[in-house]
Peer 1: 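Input: one structure, supplied below.
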Protein chains: 2
Amino acid sequence: MIRLLVADDQALVRGAIVTLLGLEPDLDVVAEAGRGDEVLEVLRRHEIDVALLDVEMPGLDGIEVCRAMTAAGVPTRALIVTTFGRPGFVRRALEAGAGGFVVKDTPASELADAVRRVHAGERVVDGALAAESLIEGPNPLTPREQDVLRAALTGAPVSVVAAAVHLSEGTVRNHLSSAMAKTGTATRAEAANHARDRGWL
Amino acid sequence: MIRLLVADDQALVRGAIVTLLGLEPDLDVVAEAGRGDEVLEVLRRHEIDVALLDVEMPGLDGIEVCRAMTAAGVPTRALIVTTFGRPGFVRRALEAGAGGFVVKDTPASELADAVRRVHAGERVVDGALAAESLIEGPNPLTPREQDVLRAALTGAPVSVVAAAVHLSEGTVRNHLSSAMAKTGTATRAEAANHARDRGWL
DNA sequence: ACGTGCCCCTGACAGATGTCATGGTGAGGT
DNA sequence: ACCTCACCATGACATCTGTCAGGGGCACGT
């Protein structure tokens, strides 16, 4: 009997996945979580074999949760389940110690199988996604460039971004300029979107 | 026995919702669809009482599907099920003839109930969301402003936007300027995000 | 007929933005 | 010690943006 935790902020989706997996004879959903920061606490109270983690969650990102689990030496294996197949996410998830990475548009029938394989110690990653994250290469942005792009995501003017990151406006423009060069874009907004879409932020 | 159609592009979520609703004794999931443009065709082949429609779908947007159903005079009632509770979506969905509007972070247990109430002819709308869409008021943007903002969402420079909408650069800047005034923002990127977040595009 | 609102355009101007040259710091590798 | 690279900063420049003041056209309701 494989004991599961399901973490997803959308209650409807979470509930649906729970009932879906509950129908499998060898799977047992022991706990649920609606926020990333709840997961670690729940893991201490219950004995869990595999944790299904959504990436988009309030409190703590699914990948961060995964990293925290690895750091804490929890024996539970993590399976990332996400809406967006951003290439950068796969890389970060695996580096964070995830046992698998599944996109939400894979057939429902395959989910239980993925859970079993992750529990068995396999690394389960969507093939197309794995290939994409390989050709895409690693995140080319320096930490500061990421900070600046994150702050620029809203479309705020340089002055606001500079204040948010505690840098001079000139420095911000230099970072943006170099990020635009790396992403092959012409404006900070394009660069920010480009980076977000690849999971670089 | 209420006959259902479930339309959602994410196979995992769709499958999960299908099994969830399938457990209810009075509900019967007759058909599924992964694209908006499949829905109308499926409705012709099957007799459906209530259609659960996701908003974010390839081919045809859930709200567009709803509008098409109303226009075609299909007897099926529509229940919009979406991730994002954008105020503008509620308004547009109801104007398109939707019987209900449910956000994906409502408890799973309430979904079946919402389906039954929509089938009974009630209008089911999340209370908080309804209030928000009322205080928010209707979409203040003119059609052209919406076009321009849509093209500006990527962060492309004015020259590209102008080419995309077949307008002069000056006109585009005027439309952007007026959109920024209406949204109370300072840059086109902020205005575009603001409008998107409210379902105005 | 008239006003009103949306549409499209022009031209001009201040200010924001992106680029470039340049320089100094500190961490890490050879 | 030296080089490299990320980092922070400055100042100057060409260009892009956002604003404002015009203009004309069209559809609408009064």
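Please read these numbers as outputs of a predicted model, since none were measured by experiment. Just so we're on the same page: letters track the sequence lines, and every chain starts at 1.
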Peer 1: Going 5' to 3' along DNA chain D, which nucleotides are the first and last within contact of chain A (any atom under 4.0 Å from a heavy atom)?
Peer 2: dA6(D) to dA12(D)

Peer 1: When you measure from the side chain of Arg123(B) to the backbone N and O of Ala98(B), does any donor-acceptor pair fall under 3.5 Å?
Peer 2: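 Yes; at least one donor-acceptor contact below 3.5 Å.
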
Peer 1: Going by the side-chain contact (heavy atoms from CB on, under 4.5 Å) test, name the single residue among Thr82(B), Leu111(B), Val55(B), Thr83(B) that passes it with Lys104(B).
Peer 2: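 Filter result, single survivor: Thr83(B).
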
Peer 1: Return the CD to OG1 distance between Glu190(A) and Thr187(A), rounded to the nearest 0.5 Å.
Peer 2: 4.0 Å

Peer 1: For residues 144-161 of chain B, which residues have at least one heavy atom under 4.0 Å from DNA chain D?
Peer 2: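 Result for residues 144-161 of chain B: Pro157(B), Val158(B), sorted by number.
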
Peer 1: Does the pair Glu24(A)/Arg116(A) count as a salt bridge with the N-to-O cut at 4.0 Å?
Peer 2: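 Looking at Glu24(A) and Arg116(A), the cut-off is met.
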
Peer 1: Quick check: does any side chain N or O of Asp28(B) sit under 3.5 Å from a backbone N or O of Ile2(B), one acting as donor and the other as acceptor?
Peer 2: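 No.
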
Peer 1: Among all residues two or more places apart in sequence or in another chain, which pass the side chain to side chain donor-acceptor pair (under 3.5 Å) test with Gln146(A)?
Peer 2: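 Partners of Gln146(A) by the side chain to side chain donor-acceptor pair (under 3.5 Å) criterion come out as none, since no residue qualifies.
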
Peer 1: So is Arg92(A) actually on top of Phe89(A)'s ring, under 6.0 Å and inside 45° of the axis?
Peer 2: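 Negative - Arg92(A) is either too far from the ring of Phe89(A) or too far off its axis.
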
Peer 1: Return the residues of residues 181-201 of chain A meeting this criterion: a heavy atom under 4.0 Å from some atom of DNA chain D. Order them by number, or give none.
Peer 2: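 None, since no heavy atom is under 4.0 Å.
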
Peer 1: Under 4.0 Å between a Lys/Arg side-chain N and an Asp/Glu carboxylate O for Arg173(A) and Glu169(A)?
Peer 2: no

Peer 1: Can you list, in residue-number order, the parts of residues 163-179 of chain A that come under 4.0 Å of DNA chain C, counting heavy atoms only?
Peer 2: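 Per residue number, the list reads Arg173(A), Asn174(A), Ser177(A).
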
Peer 1: Sequence neighbours excluded, which residues qualify as side chain to side chain donor-acceptor pair (under 3.5 Å) partners of Ser178(A)?
Peer 2: Glu145(A)

Peer 1: Which pair of non-hydrogen atoms, one from Gly15(B) and one from Leu20(A), has the smallest distance, and what is that distance?
Peer 2: O-CD1, 4.2 Å

Peer 1: Is the backbone of Leu167(A) close enough, under 3.5 Å, to the side chain of Thr171(A) for a donor and an acceptor to pair up by distance?
Peer 2: no

Peer 1: Can you tell me if CD on Glu47(B) sees more than 12 non-hydrogen neighbours from other groups inside 6.0 Å?
Peer 2: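 Open.
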
